[in-house]
Number of protein chains: 2
Amino acid sequence: MMQQRAHILSGEQKPRSQTQRAASELRRMIVSGELPAGSSYLETELAEMLDMSRTPVREATLMLEAQGLLEVRPRRGVKILSISPEDMEEIYQILTELESLAAERVAERSTSPEMLEPLREATQRMEDALARDDREAWAAADEDFHTRLVELSGSARLKSVIANFNDQVRRARALTLYIRPAPTKSNADHRALIAALEKGDAALARKIHREHRIAAKSLMISLLSKHGFHQI
Amino acid sequence: MMQQRAHILSGEQKPRSQTQRAASELRRMIVSGELPAGSSYLETELAEMLDMSRTPVREATLMLEAQGLLEVRPRRGVKILSISPEDMEEIYQILTELESLAAERVAERSTSPEMLEPLREATQRMEDALARDDREAWAAADEDFHTRLVELSGSARLKSVIANFNDQVRRARALTLYIRPAPTKSNADHRALIAALEKGDAALARKIHREHRIAAKSLMISLLSKHGFHQI
DNA sequence: GCATAATTTTATGTATACATTAAAAAATAC
DNA sequence: GTATTTTTTAATGTATACATAAAATTATGC
């Protein structure tokens with residue numbers, strides 16, 4: 001085999017390193033369920049899948065282990081971690097705290113109303129999607145709202161750690177998207193949050209978002225238990 | 001050079017992998033300031049320092065990068081990240097949220113008063129240390145209190161993410177240990193928290209700890225600004 | 001002398017060789 | 001036939017070779 005591979009997909013934006021490619025590719029495969037929770041793979045298998053040597057695969061698995069997506073078990077392969085309802089509760093609690101902090105920071109920082117435009121726009125898309133009962137579009141817009149909110153907090157750390165935990169529960173969210181009730185409350189919550197942010201009322205923004213996330217957690221937990229999902 | 005090295009230090013508890021050793025050794029060197037913030041090192045230099053090949057060093061630096069302790073800059077060496085007052089604020093805010101959650105969880109979970117014994121014991125050590133004006137001992141006991149509290153929350157994720165952020169601000173804490181006023185309030189806060197935990201009052205525990213951490217943040221920020229530390 | 005181009009150096013990224021050791025399989029004892 | 005020991009297999013951990021490309025240096029044109 002040739003030692004260095006030419007970049008075949010010239011359409012790719014960045015000729016990033018193999019390690020970066022392995023990390024993002026494996027992350028994608030894990031959060032999409034392509035590599036199912038609970039399954040195990042040898043380094044060699046992953047290297048074969050990704051068409052590279054073991055070295056970048058090893059480096060990527062160490063990064064993903066630090067992110068909590070998989071476990072590197074010496075000589076037993078890399079195991080894709082599954083999520084129990086208890087894990088789910090933990091992660092949602094953590095996300096609740098961190099996103100509430102983000103909302104508070106946005107309220108404190110937002111000087112002009114235009115800054116909040118991405119939030120209004122995402123909320124509008126959520127409402128439109130809900131009106132035509134397009135759940136995928138709703139979920140995409142909802143995720144967008146949360147991402148934008150966190151970005152507006154101006155904290156790269158907050159963004160990164162929230163993204164990590166979100167990746168851990170993405171599978172579960174996809175699973176409950178069609179069995180959950182219509183998310184009318186979510187849209188209303190977002191409007192209320194935007195109003196609080198416009199007023200620059202940090203405490204209120206925090207409170208609204210916190211309750212929004214706690215409700216999301218309760219709903220998720222009850223859906224999982226109702227449908228008997230013990231390991232996702 | 002021989003390819004595999006015998007374990008010379010047989011006193012070591014675990015013959016962990018070189019990668020693990022590199023990660024914990026580098027972490028220690030960073031948080032202690034032995035590798036100063038802002039300084040840069042080539043992979044080869046670090047490998048030499050740790051008496052191993054580049055491979056485990058590379059793997060360790062990727063893990064520490066994910067933890068936010070350093071930055072891997074292609075061809076410019078690994079840079080130990082420094083912390084600005086703004087970073088400090090971000091990190092303390094995040095720690096405030098996460099530890100408050102931990103306190104709340106402990107209040108909800110603590111069934112027997114004996115469970116809280118480690119917290120009482122650490123607080124006692126803090127008070128003793130304060131009485132004899134031993135700041136190092138006070139800091140050690142305080143850190144122990146926080147660690148135990150988080151452990152009692154029963155969330156491995158919470159523990160891990162809090163530990164990561166704590167590592168990022170450890171240098172700054174050491175720096176302000178002797179220039180801060182005597183921490184009498186901290187000790188009182190801990191006693192109040194323990195009382196709330198004993199009552200199982202989650203909301204109160206949360207509130208007390210949150211205010212405790214917010215005060216710690218304000219103190220730290222004002223100390224840094226007063227003493228003109230712009231990059232730590 | 002200064003800016004640009006050519007060249008050299010050097011640090012990293014990746015593949016691969018190989019030692020180690022855990023796990024699996026086979027052999028042995030009873 | 002089961003339990004224990006020995007042997008074999010195989011996956012990982014680590015070192016190293018080497019290609020690549022960035023940075024540094026030197027050479028060249030003006």
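Chain letters run A, B, ... following the sequence lines, proteins first, then strands; residues in each count from 1.
For the pair A:Met52/A:Thr19, no side-chain contact is recorded, criterion being any heavy-atom separation below 4.5 Å from C-beta on. Counting only heavy atoms from C-beta outward, the side chains of B:Arg180 and B:Arg135 approach each other to under 4.5 Å. By the 4.5 Å heavy-atom criterion applied to side chains, B:Leu193 and B:Leu119 are not counted as neighbours.
Straight-line distance from the CD atom of B:Gln18 to the P atom of C:dA19: 17 Å, rounded to whole Å. The distance from atom CZ of B:Arg16 to atom C1' of C:dT20 is 18 Å, rounded to the nearest whole Å. Protein atom CD of B:Glu59 is 10 Å distant from nucleotide atom P of D:dA15, rounded to whole Å.
In the model, B:Thr55 has no side-chain atom that pairs as donor or acceptor with a side-chain atom of A:Arg58 under 3.5 Å. Between the side chains of A:Ser84 and A:Asp87, a donor-acceptor pair is found at a separation under 3.5 Å.
The pair B:Glu108-B:Arg105 fails the salt-bridge criterion, with no side-chain N (NZ, NE, NH1 or NH2) lying under 4.0 Å from an Asp/Glu carboxylate O. Salt bridge B:Arg210/A:Glu97: absent, no basic N to carboxylate O contact under 4.0 Å.
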**Complete:** Dot-bracket assigned to DNA chain C with the 3.5 Å Watson-Crick/G-U criterion, [ ] for crossing and | for other-strand pairs, is ||||||||||||||||||||||||||||||

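Put simply, B:Thr55 has no side-chain N or O that comes within less than 4.0 Å of OP1 or OP2 on D:dT14. An OP1 or OP2 oxygen of D:dT14 is reached within less than 4.0 angstrom by a side-chain nitrogen or oxygen of B:Thr19.
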Distances for protein N or O near nucleotides 6-12 of chain C N or O, under 3.5 Å:
| from | atom 1 | to | atom 2 | distance (Å) |
| --- | --- | --- | --- | --- |
| C:dA11 | N3 | B:Arg75 | NH1 | 2.7 |
| C:dT12 | OP2 | B:Glu43 | N | 3.3 |

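A:Arg28 CZ: more than 12 foreign heavy atoms inside a 6.0 Å radius.
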